[in-house]
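Comments concern the structure below.
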Amino acid sequence: ASLPERINGAAPPGLKVNEAWPAVRRAQEIVWGDYVITLRWESAVPDGARETLAALFDGRALPVMKKGKKGEAEIDAGGLVGQAALSPGDEGALRLTARLSAGEPSLSPGHLLIALATAAGAGFTPWRGAEIVRTALLDGAGERFV
């Protein structure tokens with residue numbers, strides 16, 4: 001019961017543990033991670049930003065460099081997204097709900113954001129900040145991992 005408080009006391013700013021429980025399953029059974037990512041611009045979301053980002057989830061390759069055990073390699077972030085949806089957030093924000101591969105290979109939300117910003121192109125005004133919240137871990141059957 002005291003583990004989240006102890007971890008939070010040593011965690012870097014912006015990282016917060018809400019719950020902890022004894023492991024009853026193997027971590028290798030985790031296949032997906034569900035995330036809510038809030039993308040924030042300085043004032044308003046630029047015209048066309050939502051449409052530009054939504055179009056990137058059409059099955060195309062979204063290359064991004066990722067460090068691994070064997071060094072740095074390019075991965076296809078687009079092929080590691082199970083599902084994604086964009087919706088309006090509060091003022092100056094878009095909300096991206098995404099299911100990302102947590103198996104092998106895995107895709108972190110940070111790598112997805114790098115791939116999206118790169119693929120959006122030179123005329124796209126990138127967000128100024130992002131808040132990432134993992135809402136669930138899922139097994140291969142799509143059941144919540146506990």
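- A side-chain contact (heavy atoms from CB on, under 4.5 Å) with R50 is found for one member of L96, L39, V45, L86 and no other, namely L86.
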Chi angles and distances behind the side chain to side chain contact (heavy atoms under 4.5 Å, CB included) call for W21, L3: CA-CA 9 Å; W21 55 90; L3 186 59; over 6 Å; no
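- Judged purely by atom type and a 3.5 angstrom limit, K67 has no side-chain atom pairing as donor or acceptor with the backbone of A73.
- With sequence neighbours left out, D76 forms a salt bridge (Lys or Arg N to Asp or Glu O under 4.0 Å) with no residue at all.
- Rounding to the nearest 0.5 Å gives a distance of 5.0 Å between CG of L113 and CH2 of W127.
- Residues T118 and V64 have side chains not in contact (no heavy-atom distance under 4.5 Å, counting atoms from C-beta outward).
- Remark: D58 CG is packed, more than 12 non-hydrogen atoms of other residues, nucleotides or ligands lying under 6.0 Å away.
- Separation of atoms CG (D34) and CZ (R144) is listed at 8.5 Å; rounding is to 0.5 Å.
- To the nearest 0.5 angstrom, I7 atom CD1 is 13.0 Å from K16 atom NZ.
- A donor-acceptor contact shorter than 3.5 Å links the side chain of N8 to the backbone of V17.
- Remark: E51 CD to L56 CG distance equals 12.0 Å, nearest 0.5 Å.
- Inter-residue side-chain proximity for V31 and E29 is flagged as unmet; no heavy-atom pair is nearer than 4.5 Å.
- For the pair L112 and Y35, the minimum side-chain heavy-atom distance is 4.5 Å or more.
- Residues I132 and L62 share a hydrophobic cluster, clusters being chains of Ile/Leu/Val/Met/Phe/Trp/Tyr side chains in contact below 4.5 Å.
- V36 and L94 sit in two unconnected hydrophobic clusters of ILVMFWY residues. Membership requires side-chain heavy atoms under 4.5 Å apart, directly or through other members.
- With rounding to the nearest 0.5 angstrom, the OG atom of S43 is 8.0 Å from the CD atom of E91.
- Around the CZ atom of R25, the shell of radius 6.0 Å holds more than 12 heavy atoms that belong to other residues, nucleotides or ligands.
- Side chain to side chain, S108 and K66 fail the donor-acceptor criterion of an N or O pair below 3.5 Å.
- Residues A115 and A77 approach most closely at CB-CB, 3.8 Å, considering heavy atoms.
- At least one side-chain heavy atom of I75 sits under 4.5 Å from a side-chain heavy atom of L80.
- Side-chain contact between F145 and L138 is absent, with no heavy atoms from C-beta onward closer than 4.5 Å.
- When atom types are taken as modelled, the side chain of W32 and the backbone of G103 share no donor-acceptor pair closer than 3.5 angstrom.
- More than 12 heavy atoms of other residues, nucleotides or ligands lie within 6.0 Å of CD in E72, so this atom counts as buried by the packing criterion.
- With contacts defined as side-chain heavy-atom distances shorter than 4.5 Å, the pair L100/P109 qualifies.
- No side-chain donor-acceptor contact under 3.5 Å links E5 to the backbone of S2.
- With values rounded to the nearest 0.5 angstrom, N18 atom CG is found 10.5 Å from R134 atom CZ.
- Between E19 and P4, the shortest heavy-atom distance links the atoms C-CG, 3.9 Å.
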Candidate pair R40 and R128, rule side chain to side chain contact (heavy atoms under 4.5 Å, CB included), full reasoning: CA-CA 6 Å; R40 297 194 181 283; R128 303 290 283 180; 5.9 Å; no
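- Linking ILVMFWY residues whenever their side-chain heavy atoms come closer than 4.5 Å, directly or via other members, leaves I30 and L107 in distinct clusters.
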